[in-house]
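Inspection log for the structure reproduced underneath, given as structure tokens.
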Amino acid sequence: MRLTARVPATSANLGPGFDCFGLALDLCNEVTVDTEAEPGISWEGEGAEELPIDGSDMVSRAMRWVAEREGQRIGPFHLHGVNRIPLERGLGSSAAAAVAGVAIARTWLRLPDWADREVLFRAAADIERHPDNAAAAAYGGLTVVADRSVRRFDVPPSIRPVALIPEHLRISTEEARRVLPSEVPLSDAVYNVAHGALAISALTTGDLDLLRRALRDRLHQDVRLSLVAELREVFERMASSGIPVCVSGAGPSLLAFETDGDPIPDPGDHWRTLRLATRPTGVEVLSLPD
Ligand code: HSE
């Protein structure tokens, strides 16, 4: 049996939607599990040199987690990952791996609800601990997580995300969460509720003028932009020229939105600019001929 999971990159938070908004991006990893091939693990693409091959990677862990929960055993297999999502850049590589592992294991074990996205999302969120990324990777489109449930929204093609990725900077989510305050003023919470509602409206209607204002946040972005002076400098340059921009997930990448007459300038040396469509579909599992 050969199963391939295709799973998208995701950008969490989208400014004010800290820990609850997610957007699926058309940049996918592919993970193939082959039960007939020589057992082992191999990677190509992003992080291929550094990802573990001893079974401690997130895809394998998620597969084992599902099997253990179901009281089943998964036999030997070869796992090959084609990675296009950069690691530790705020583009959901770890949630993508968890979602792929859960989707493959559930398909392999032919669980009765193997294609149920809510079950898949909850398992991946329990394993990886970032439900906002896991929701968008499982459902595609724009997602909002509330009370462990997901609401998915379509996003029109006029929403054209551009990931600005500092190749020379990496920040783990743990590190980027350690700097956050444990309490915030009520006025900041109110500010984020209002801007979060505007952001959902702007992203679902394609209103880029509204999006420019709606992406503002008072809970996490400022402190994260303080981690690296260059990050704040690029962010402020984009924002002051009227480009809708936010920190992608926990950073250090930024997510900007392009309009026809207003191309996003190159942020500078060592930055990669990826012009991506949004991805309407979440994880897919394909069964390939042997
Ligand atoms: N919402 C999480 C955070 C995203 O900002 O820490 C993790 O990718």
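Just follow the structure's listing: the first ligand is 1, and inside any ligand the first atom is 1. In this text, all values refer to a predicted model and were calculated from it rather than measured experimentally.
By the 3.5 Å distance cut-off applied to N or O atoms, T173 is not counted among the residues near ligand 1. Of the N or O atoms in N13, one or more lie within a sub-3.5 Å distance of an N or O in ligand 1.
Closest to atom 6 (O) of ligand 1 among all protein heavy atoms lies R177 NH1, 2.6 Å. Residue, atom and distance of the protein heavy atom nearest to atom 8 (O) of ligand 1 are N133 OD1, 2.8 Å. The single protein non-hydrogen atom nearest to atom 2 (C) of ligand 1 is D19 OD1, 3.2 Å, given as residue, atom name and distance.
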Test side-chain hydrogen bond (donor to acceptor under 3.5 Å, both in side chains) on E30 and H80; report intermediate values, then the result. CA-CA 8 Å; E30 277 152 19; H80 182 69; over 6 Å; no

Kindly indicate, with the supporting measurements, whether the criterion salt bridge (Lys or Arg N to Asp or Glu O under 4.0 Å) is fulfilled by E233 and R237. CA-CA 6 Å; E233 193 262 313; R237 190 157 17 108; 3.1 Å; yes

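Taking a cutoff of 4.0 Å between a charged side-chain nitrogen and a carboxylate oxygen, R272 and D266 do not qualify as a salt bridge. Using a 4.0 Å cut-off between charged side-chain N and carboxylate O, D116 and R106 make no salt bridge.
The heavy atom nearest to atom 4 (C) of ligand 1, out of those in L219, D132, T10, is found in D132.
Residue contacts with ligand 1 for R224 involve side-chain atoms from C-beta outward but no N, CA, C or O (heavy atoms, distance under 4.0 Å).
Judged by the 6.0 Å and 45° rule, R218 forms a cation-pi pair with Y191. Figure legend: cation-pi geometry between R151 and F153, with NZ or CZ positioned under 6.0 Å from the six-membered ring centre and within 45° of its axis.
Interface atoms of ligand 1 facing F18, defined by a heavy-atom separation under 4.0 Å, are 3 (C), 5 (O). Every atom of ligand 1 with a heavy atom of H130 under 4.0 Å away is listed here by number and element: 7 (C).
Under a 4.0 Å heavy-atom criterion, H220 is not in contact with ligand 1.
In this pair, H270 and H168 present their aromatic rings tilted. The plane angle is within the 30 to 60° band.
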